[in-house]
Amino acid sequence: MSLASIIRSERALLVPTYDRHKILLEEGSGVYLRDGRGKKYLDFLSGIGVNALGYRHPAIQRTLKAQAGRLIHVSNLFFHPYQAELARRLTQISGLERAFFCNSGTEAWEGALKFARAYARAQNHNGGKPKWRILALDNSFHGRTFGSLATTGQAKYRHPFAPLMPGVMFVAFNDVADLEKKFDGSVCAICLETVQGEGGIRPVSAEFLQLARNLTKKARALLILDEIQCGLGRTGRHFAYQHYGIQPDIVTVAKPLAAGLPLGAILAKDRVANTIHPGMHGSTFGGGPLACAVAIEFLRVLDELLGQVRKSGDYFRSQLNWLKTKHGCIREVRGLGLMLGMELDSAENAKAVVAEMLQRGMVINRTNENTLRFLPPYIIQERHIDQVVHGLDEVLSSSLPPVGQPPRASRSTRKES
Ligand SMILES: Cc1ncc(COP(=O)(O)O)c(C=O)c1O
């Protein structure tokens, strides 16, 4: 089927949730994607942080084929060999003690919120007073289901679906005074992304995270970190919180965990997990043998790549900072490891740069309106970074419209996960 007829069919048949680039992707290999006409794209987005090992990684392909030939799904009414092994690996690298498996980021986050409420109820530390408020951060993103939306601090995602889950209050990002003001004994959890992704690639400050840890510890509330985008090696450590020297009570992960298959996980301390009993939470598909077998292999390969992520991240960041010295439209370069953002002076410019880079065969995207987002596969080499930096340099030098005018590239480019 041609791209034109696929577009026509999708327009007629799909709920119009996505505004896609008009490109038909047919295969991938290493750090490259290929479209239906044979055009190659260097991928610096990894399916929004999912394809961390790039495409057709030999170890993943081997495991996938072997396990698909054996057993794809069994219900959670029975055992299979891989959930416990995957939980062992995840608890070893996180310092947490138990795992629950689901299918996506938002499901992991929903589960984490349920665990927080269940823990508070079971502990009843507050002498019977209600302890169910949740503090989340302005500008955050935690997913599209109701609890996740309720804790997402961006009006555009929340408003169409109000009223949402009650009991959530938002704290200004990295504002320690606001956190102190809003925290009290009625709070069961402080929830945040260690590095905000959809909010424009913004790492939480060490001071803010430490305060969140201290307050929750003292009040026997929970610190819940969303590492769905920034976890599992993306920042050059297994988890982004490991850059800060603190230990959370719950962490959620998903995106790259099963190298492209849907799999999410909630990692929790024993004392939290012990308040959940059979029947309180569950999933039909979550933690199936195919996804878990692949995730074990993903984590094995990841161990060999963490050093390379740090090295590539440092190099890429230094190159982006060099671009900043050359181009007045670049406001700031932010991020950790291979989770990098470059804020431009306008959404129009960011939109035009994404479109022009695509035209030149390089996939990047735009988040929070005016921030270019880079989430390349962990296997990228310096030469790939050089190609993207060179592309950006040319695009920023030549093709940007003056602010306030329509971008030169006419294709619609608005993309958010
Ligand atoms: C930080 C964060 N949390 C949660 C989610 C939701 O994950 P999913 O789309 O797998 O439901 C995302 C997705 O982009 C995310 O970046």
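Atoms within each ligand, like the ligands themselves, are counted from 1 in listed order. The shown structure was predicted, so the numbers you read here are calculated from the model rather than taken from an experiment. Note: hydrogens, waters and symmetry copies are ignored here, and every other heavy atom, side chains too, is used.
Near Lys255, meaning under 4.0 Å from one of its heavy atoms, ligand 1 places the atoms 13 (C), 14 (O), 16 (O). Each of the following atoms of ligand 1 lies closer than 4.0 Å to a heavy atom of Glu198: 14 (O). Close approach to Phe141 involves these atoms of ligand 1, each under 4.0 Å from a residue heavy atom: 1 (C), 2 (C), 3 (N), 5 (C), 12 (C), 13 (C), 14 (O), 15 (C).
At a heavy-atom distance under 4.0 Å, only side-chain atoms of Glu193, from C-beta outward, approach ligand 1. Proximity of Thr106 to ligand 1, defined as any heavy-atom pair under 4.0 Å, is shared by backbone and side chain alike. Under 4.0 angstrom from ligand 1, there are no non-hydrogen atoms of Trp109.
Here's the thing with Gly105: one of its N/O atoms is less than 3.5 angstrom from an N/O atom of ligand 1.
Within the 3.5 Å criterion, the main-chain N or O of Ala350 finds no donor-acceptor partner in the side chain of Asn370.
Proximity of Asp226 to ligand 1 is established by a heavy-atom distance of less than 4.0 Å.
Glu227 and Thr194 share a side-chain donor-acceptor pair at under 3.5 Å. Counted by atom type alone, Thr91 and Arg88 present zero donor-acceptor pairs between their side chains at under 3.5 Å.
Under a 4.0 Å N-O distance rule, the pair Lys269/Asp249 qualifies as a salt bridge. The existence of a salt bridge linking Asp35 and Lys40 is excluded, since no basic side-chain nitrogen approaches an acidic carboxylate oxygen closer than 4.0 Å.
Side-chain contact between Arg366 and Lys351 is present, with at least one heavy-atom pair separated by less than 4.5 Å.
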